[in-house]
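Everything on this sheet refers to the single structure shown next.
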There are 2 protein chains.
Amino acid sequence: MATMKDVALLANVSTATVSRTLVKPESVSETTRLRVEQAVIETGYKINSQARSLRRNETRTVVVVVSDIDNPFYSEIIKGIEQEAVANDYLVVLGDASQQERDRIYSELVYTRQADGLILLGVPLPKPLKAKLNSSLPPLVMACEYEPDRKLPTVGIDNRAAAKEATEYLIKLGHHRIGCVTGMGDNPLTVCRLQGYKEALAATNIPFDEQLIVAEAYNPDGGSNAMRYFHSLAEPPTAIFCHADTQAIGVLHQARSLGISVPEQLSVMGFDGLPIGSYCFPTLTTILQPRVELGRVTMQSLMDSMKGLPARDRLLPHELIIRGSVAMR
Amino acid sequence: MATMKDVALLANVSTATVSRTLVKPESVSETTRLRVEQAVIETGYKINSQARSLRRNETRTVVVVVSDIDNPFYSEIIKGIEQEAVANDYLVVLGDASQQERDRIYSELVYTRQADGLILLGVPLPKPLKAKLNSSLPPLVMACEYEPDRKLPTVGIDNRAAAKEATEYLIKLGHHRIGCVTGMGDNPLTVCRLQGYKEALAATNIPFDEQLIVAEAYNPDGGSNAMRYFHSLAEPPTAIFCHADTQAIGVLHQARSLGISVPEQLSVMGFDGLPIGSYCFPTLTTILQPRVELGRVTMQSLMDSMKGLPARDRLLPHELIIRGSVAMR
DNA sequence: TTGTAAGCGTTATCAC
DNA sequence: GTGATAACGCTTACAA
C-alpha cells in the first residue's frame with residue numbers, strides 16, 4: 001500500500017508538499033501539483049485516514065444510537081442523517097440500543113476518539129452522560145426524544161401540538177370516548193403526546209378517563225394488546241389514538257379479528273406517517289412526521305455543535321394526513 | 001483529555017507499562033497493575049483508538065453497504081450484523097447505496113483505512129472492485145445478492161429452491177397461471193428466483209408464459225403496478241408470486257381497490273417473511289428468510305475473511321410460511 | 001518485569 | 001513555494 005513517502009519520492013518532492021497538494025492544491029505551484037497528481041495516480045496512493053485523524057484530532061465520524069433499528073420509523077430518519085453526513089464528508093456509525101448497556105458502549109466512542117459527535121435517536125440520555133449533564137458533554141443532539149430538563153439540543157416535531165391536533169380531529173368527528181395507546185415507560189415523549197391528548201379533551205370539556213390510556217411497545221403486537229384491552233372494557237372507546245403507526249397496524253389487525261369494522265364501528269388514528277399506512281386496510285389516518293428532513297436537520301445541528309456553535313432546538317412541521325381509518329361517530 | 005503519559009506519570013511507570021497493563025494485564029506485576037489501574041481511574045483515561053489503530057494497522061470497523069436502508073427486509077439483517085459485530089468488538093459503518101455512486105464511496109473506506117472489511121447487503125459489486133476481481137480484493141462478503149461468477153463469498157438462502165418451493169405450493173393448490181413479480185434489473189438474485197419459478201412450472205408441464213413475468217421495485221408501489229398490469233391481461237393469473245413481501249403488500253392493496261378478493265379470487269404469495277406479513281389483510285403466505293441469522297452469519301464470514309481464513313459460501317434455511325393470502329383455485 | 005526508543009502516516013510550524 | 005522536522009498517542013522490539 002503506497003504512502004505519501006512513495007508519492008513524494010516519485011514526484012521528487014517532500015511529503016509535506018504532497019500533503020499540501022492534497023489538502024490545499026492552490027498553495028503549491030502548478031508544475032508541482034501536476035507532478036504530484038501524476039505520482040498519486042501512478043502509485044495508486046490512497047490517504048490513510050487513521051493517520052490524518054490522529055494528527056488532526058478529528059474523526060469525521062458520528063455515532064447514531066437508535067433505540068431499535070427494526071422500527072421502520074427510524075430507518076428514514078437514519079437515511080436523512082446519512083445523506084447529510086456523506087454530503088459533508090462524515091461517516092455514520094450505527095448503534096442499536098435495543099439491548100441493555102449498548103447505549104453506553106456507543107456513547108463511549110466519543111471519548112475513545114472514534115467519533116466526533118453523537119446522535120441519540122429515540123433514545124434517552126445514557127446514564128454515564130447524564131452524570132456529566134452539568135459539566136461538559138460532547139457534541140450531542142437528541143432526535144425524537146427529550147431530556148426532561150430540556151437542556152440538550154433536540155430535533156423533532158411539536159409532539160404536544162400534534163397529539164392535540166390528532167385528538168381534536170377525532171373529537172370534531174363526534175368521538176368523546178377516545179382510547180390512547182402510548183409508548184412504554186414514562187419518557188418525556190410519551191408525556192408530551194399525552195399532554196396534547198389531555199389538552200384537546202379539556203378544551204371540549206370531555207372528562208379524562210385513566211382507563212382509556214394504555215402503554216404498549218411501538219409495534220403491532222403492542223397495538224394488538226391495546227385493542228384487546230379496550231375491547232374488554234365495559235364501555236369501550238369509539239376511537240383509538242395510537243402514538244405510533246406500527247401500533248395502529250396492530251389495532252387494525254386485532255379489530256378485524258374481533259369482528260369490529262374500521263372505521264364504521266371504530267376509528268383508528270396513527271402517528272408517524274409511515275409509507276405502509278397508505279397500504280393498510282383501511283388506509284391509516286395519521287400524523288406525518290417529516291422523517292428524512294428530521295434526519296438531515298439532526299445531522300446539521302450536530303455539525304453546528306461540533307463546530308462549537310450553540311446548537312438550538314429545531315421544531316419541524318408535522319401534518320395531519322386524512323385517510324380511511326377514521327370516520328364520523 | 002488524559003493520555004497514557006498522564007497515567008504513566010501518576011503511576012510512576014513508563015507508557016509502555018501502561019500499554020501492557022491495558023492489553024495484557026498478566027504480563028505486569030500485581031503491584032504495578034494495581035497502581036496503573038488506579039491511575040487510569042483517577043485520570044479518567046480513555047484510550048485513543050485512532051492512535052491504537054494506526055499503530056496496529058487495523059480499525060476494527062466494517063462497512064455495510066445496503067441497497068436501501070428503508071427496505072424493512074434489510075433492517076433486521078443489519079441488526080444481526082451489528083449484534084455480531086459489537087460482540088466481537090467491531091464497529092459498523094452504515095452506507096446507503098440508494099443514491100448513485102455511493103457504493104463506490106463506501107467501498108473506498110477499506111482502502112483509506114477506515115474499515116477492515118466490507119459487507120455488500122443486497123448490493124452488486126461496485127465497479128471499482130469489479131476491476132480487481134482477479135487480483136486482490138479486500139475482505140468482503142456479499143449477502144442476499146450474488147456476483148455472477150460466484151467468485152465471492154456469499155451468505156443467503158437457496159433462492160432458487162425457495163422460489164421453486166413457493167411456486168410448487170401454488171401449483172399444488174391448482175394454479176397454473178401464476179404471475180411472477182421480480183426485482184428490477186437482471187441481477188443474479190432475480191435470475192435465481194426466476195429459475196426456481198420456471199423449474200416448478202416445467203416439472204408439472206405448465207408452459208412458461210413471458211407475459212406473466214413483470215419486473216418491479218421491491219416496494220408496495222412496485223406491487224401495485226404489477227397488479228394493475230396483471231389485471232389488464234386478457235387472461236389474468238389466478239395467483240401471483242412476488243419476490244418480496246413489500247411488493248405483495250402493494251398487490252394486496254391494489255387488488256382490493258380493483259374489487260378482487262384475496263384469496264378467494266386471487267392468491268398472493270410473498271417472499272422474505274417480514275413481520276408485517278402477519279398483520280396484512282389477509283395475512284401473507286410467504287417464504288421466511290432468517291434475517292437476523294443471515295446478518296450474524298454474514299458478519300462471522302467477514303471476520304473469518306479478515307483473519308485471512310478462506311471465506312466460503314453460507315446457505316441458510318428458509319421456510320414456507322402458510323397464512324391466509326393463498327387458497328385453492 | 002520494566003524502560004527506552006523507534007515508528008505507524010499524516011500535518012503544521014518554521015525556516016529558507 | 002518548498003523542505004526539515006516535530007508531533008499526534010499508541011505499541012512493540014530490544015535491552016536492561
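Lettering follows sequence order; numbering is per chain, from 1. If you're wondering where the values come from, they're calculated on a predicted model, not measured in any experiment.
- Computed from coordinates, the B/Met4 CE to D/dG9 C1' distance equals 8 Å when rounded to whole Å.
- Note: CG (B/Asn48) to C1' (C/dC8) measures 13 Å, nearest angstrom.
- Side-chain contact check for A/Ser301 and A/Asp304: no donor-acceptor pair (N or O, by modelled atom type) lies under 3.5 Å.
- Under 4.0 angstrom from either OP1 or OP2 of C/dT2 there lies no side-chain N or O belonging to B/Thr17.
- Checking each of A/Asn48, A/Leu22, A/Thr21 against A/Met4 for a side chain to side chain contact (heavy atoms under 4.5 Å, CB included) leaves exactly one that passes, namely A/Leu22.
- The CG atom of B/Leu54 sits 17 Å away from the P atom of D/dA7 (whole-angstrom rounding).
- For the 3.5 Å distance criterion, the side chains of A/Tyr146 and A/Asn159 qualify, holding a donor opposite an acceptor.
- Comment: B/Asp103 does not engage B/Lys127 in a salt bridge, judged by the lack of any side-chain N to carboxylate O separation of less than 4.0 angstrom.
- Between B/Glu58 and B/Arg60 there is a salt bridge, since at least one side-chain N of the basic residue sits less than 4.0 Å from a carboxylate O of the acidic one.
- If you take NZ of A/Lys24 and C1' of D/dG1, they are 12 Å apart, rounded to a whole angstrom.
- Remark: A/Lys79 does not engage A/Glu76 in a salt bridge, criterion side-chain N to carboxylate O under 4.0 Å.
- Following rounding to the nearest Å, B/Glu58 (CD) and D/dC10 (C1') show an atom-to-atom distance of 13 Å.
- Following rounding to the nearest Å, B/Ile47 (CD1) and D/dT11 (P) show an atom-to-atom distance of 4 Å.
- One interatomic measurement links the two molecules: CD of A/Gln50 to C1' of C/dG7, which rounds to 15 Å at whole-angstrom precision.
- Heavy atoms of B/Val13 sit under 4.0 angstrom from primed sugar atoms or phosphate atoms, though from no base atom.
- Near DNA chain D, meaning a heavy atom under 4.0 Å from it, residues 25-40 of chain B has no residue at all.
- Along DNA chain C, the nucleotide nearest to B/Ala51 and the one nearest to A/Arg56 differ in position, and the one closer to the 5' end is contacted by B/Ala51.
- Counting non-hydrogen atoms of neighbouring residues, nucleotides and ligands closer than 6.0 angstrom, the CD atom of A/Gln100 reaches no more than 12 such neighbours.
- Taking 3.5 Å as the limit, the base of C/dT11 and the side chain of A/Arg55 contain a donor-acceptor pair of atoms between them.
- A straight line from NZ of B/Lys46 to P of D/dG9 spans 17 Å, rounded to a whole angstrom.
- Comparing atom distances between the A/Arg20 side chain and each of D/dG3, C/dC8, C/dT10 picks out D/dG3 as nearest.
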